[in-house]
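These notes concern the structure reproduced below.
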2 protein chains.
Amino acid sequence: MDTLNALTVFREYLTQFIVFDDAEWAVFKDHLGFRMLKKKKHFAEQGAVCNEFGFVVKGSVRYYYVKDGEEITNYFSFENELVSSYKSFLTRQPGFNYIQALEDSFLITVSYNDLQTMLAHPMLGYKMERFGRLVAEYYLICYDDRMASFITKTPEERYLDLLTTGRDILQRMPQHYIAHFLGITPVSLSRIRRRILRVAK
Amino acid sequence: MDTLNALTVFREYLTQFIVFDDAEWAVFKDHLGFRMLKKKKHFAEQGAVCNEFGFVVKGSVRYYYVKDGEEITNYFSFENELVSSYKSFLTRQPGFNYIQALEDSFLITVSYNDLQTMLAHPMLGYKMERFGRLVAEYYLICYDDRMASFITKTPEERYLDLLTTGRDILQRMPQHYIAHFLGITPVSLSRIRRRILRVAK
DNA sequence: CCAAAACGTTAACAAAAGATAACGAATTGG
DNA sequence: CCAATTCGTTATCTTTTGTTAACGTTTTGG
């Protein structure tokens with residue numbers, strides 16, 4: 001996909017938060033970057049400050065921590081979703097997690113500095129603040145739902161939920177990543193799948 | 001505490017996000033409400049749209065779900081913290097959780113309508129958008145940390161973390177609420193505490 | 001002040017999950 | 001294309017957690 005199409009897709013995505021008129025878009029557009037991310041390459045790394053947020057035009061990424069030398073995947077982003085090590089990006093402190101492309105991916109990026117410039121821009125400032133608020137609120141709600149599922153549901157229930165709402169994750173992610181995403185080990189997920197199959201028959 | 005003092009405390013709290021000059025504050029102030037919440041009374045209820053967010057001047061609240069007839073506490077707010085059923089407040093849809101005062105509490109409140117009025121206010125709009133963004137970002141980071149602890153840590157590790165960072169929760173909340181907050185049952189937390197005591201000796 | 005309810009601990013047992021290892025199947029990366 | 005790695009499942013064993021119930025203590029609310 002060429003950058004022109006990518007921009008069109010991104011602008012369309014943004015309308016759920018904010019609608020830029022052509023003059024505003026012209027300015028906004030100039031602050032965007034494009035980034036090809038080869039499979040297994042990192043968008044963010046532990047110990048480094050994350051200087052960009054991205055929009056996934058094509059491909060997918062996983063977020064993971066390393067604990068006791070082991071990788072623990074805790075999230076994914078696919079096409080038409082944003083991606084960033086949010087805490088690091090927002091606080092300007094080194095992040096704790098990695099973000100890695102799982103396929104050759106293409107992203108539109110906004111650097112922290114460009115974002116600040118736009119937030120302070122006479123023409124764009126108000127809308128950018130609003131955009132930032134609405135995006136943050138959107139993700140706040142996502143986190144809220146996910147926390148609720150950890151507090152009120154068993155791993156098996158979370159997996160059953162995923163069966164109805166997580167098509168992308170189920171179809172495009174290996175099972176051991178999904179296991180950690182659900183808060184359990186791959187072996188345990190394998191057993192849960194068998195339990196469910198037995199009941200289903 | 002009288003409302004005048006409460007306003008001073010709230011204004012001071014807000015400075016971590018936004019600083020209002022006196023003219024702005026005069027307008028902002030007019031959109032605030034005050035609410036005494038007797039112990040065990042609810043600030044938000046399952047099935048009802050949450051029409052306000054609050055600032056806890058005095059007291060404390062717990063957030064809980066009801067699952068299979070059982071109450072599952074998943075969060076707390078204390079003095080100098082905000083409180084709301086955020087998803088319901090932001091989406092205008094009925095909420096899934098209850099918020100209940102655990103002591104006689106005093107809150108400053110902002111209704112959804114007043115917030116919208118201020119967001120559209122010529123003088124206040126920009127700062128209010130910014131305020132909203134920064135608050136949402138702040139809570140996003142809180143959720144991010146909490147999710148990470150559920151994905152990467154055991155219940156025992158989460159309890160040990162709480163021992164160093166959760167003074168208010170440990171000292172002011174009954175143990176069975178804390179257990180659910182950690183994602184386990186009260187019986188299990190009791191065992192974890194015993195394990196830790198045995199090791200400590 | 002007192003009866004009722006709520007709370008924290010412990011025990012006993014069942015269920016689930018973690019750790020480790022083994023195995024074939026699938027994927028991968030030259 | 002093939003050797004090496006990764007992946008998903010299964011088995012075994014251990015640890016942890018859930019469930020239920022009992023108990024004494026504390027708190028609560030008339």
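Just so we're on the same page: letters track the sequence lines, and every chain starts at 1. Computed over heavy atoms, backbone and side chain alike; hydrogens, waters and symmetry mates excluded. Fair warning: this is a prediction, and the values are worked out from it, not measured in the lab.
A sub-4.0 Å separation between OP1 or OP2 of C:dA11 and a side-chain N or O of B:Arg194 is present. OP1 or OP2 of C:dG8 sits under 4.0 Å from a side-chain N or O of B:His176. Between B:Arg193 and C:dT9 there is a side-chain polar atom (N or O) within less than 4.0 angstrom of OP1 or OP2. At C:dT9, one or more side-chain N or O atoms of B:Gln175 fall inside 4.0 Å of OP1 or OP2 (strictly under the cut-off).
In this structure, A:Tyr159 atom OH and D:dG8 atom P are separated by 11 Å, rounded to whole Å. For A:Ile178 and D:dT6, the CD1 to P distance is 19 Å, given to the nearest whole Å. Taking atom NZ of B:Lys153 as the reference point, atom P of C:dG18 lies 17 Å away to the nearest angstrom.
A salt bridge does not link B:Asp104 with B:Lys41: every distance from a Lys NZ or Arg NE/NH1/NH2 to an Asp or Glu carboxylate oxygen is 4.0 Å or more.
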TODO: Do nucleotides 15-30 of chain D as a string where each nucleotide becomes B, S or -: B if the base has a protein heavy atom under 4.0 Å, S if just the sugar-phosphate does, - if no protein is that close.
DONE: --BBBB-------SS-
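A heavy atom lying under 4.0 Å from DNA chain D marks none of the residues of residues 61-72 of chain B.
Separating the CZ atom in B:Phe10 from the CZ atom in B:Phe28 is a distance of 4.5 Å, to the nearest 0.5 Å. From A:Ser190, atom OG reaches atom CZ of A:Arg195 across 11.0 Å, with rounding to the nearest 0.5 Å. The distance from the CZ atom of B:Arg11 to the NZ atom of B:Lys29 is 9.0 Å, given to the nearest 0.5 Å. Within the model, atoms CG of A:Leu119 and CG of A:Leu115 stand 4.5 Å from one another, a figure rounded to the nearest 0.5 Å.
Annotation: cation-pi pair A:Arg92/A:Tyr112 present, NZ/CZ under 6.0 Å from the ring centroid and within 45° of its normal. B:Tyr64 carries B:Arg62 over the face of its six-membered ring, with the cationic atom under 6.0 Å from the centre and within 45° of the normal. By the 6.0 Å and 45° rule, B:Arg158 stacks over the aromatic ring of B:Phe150.
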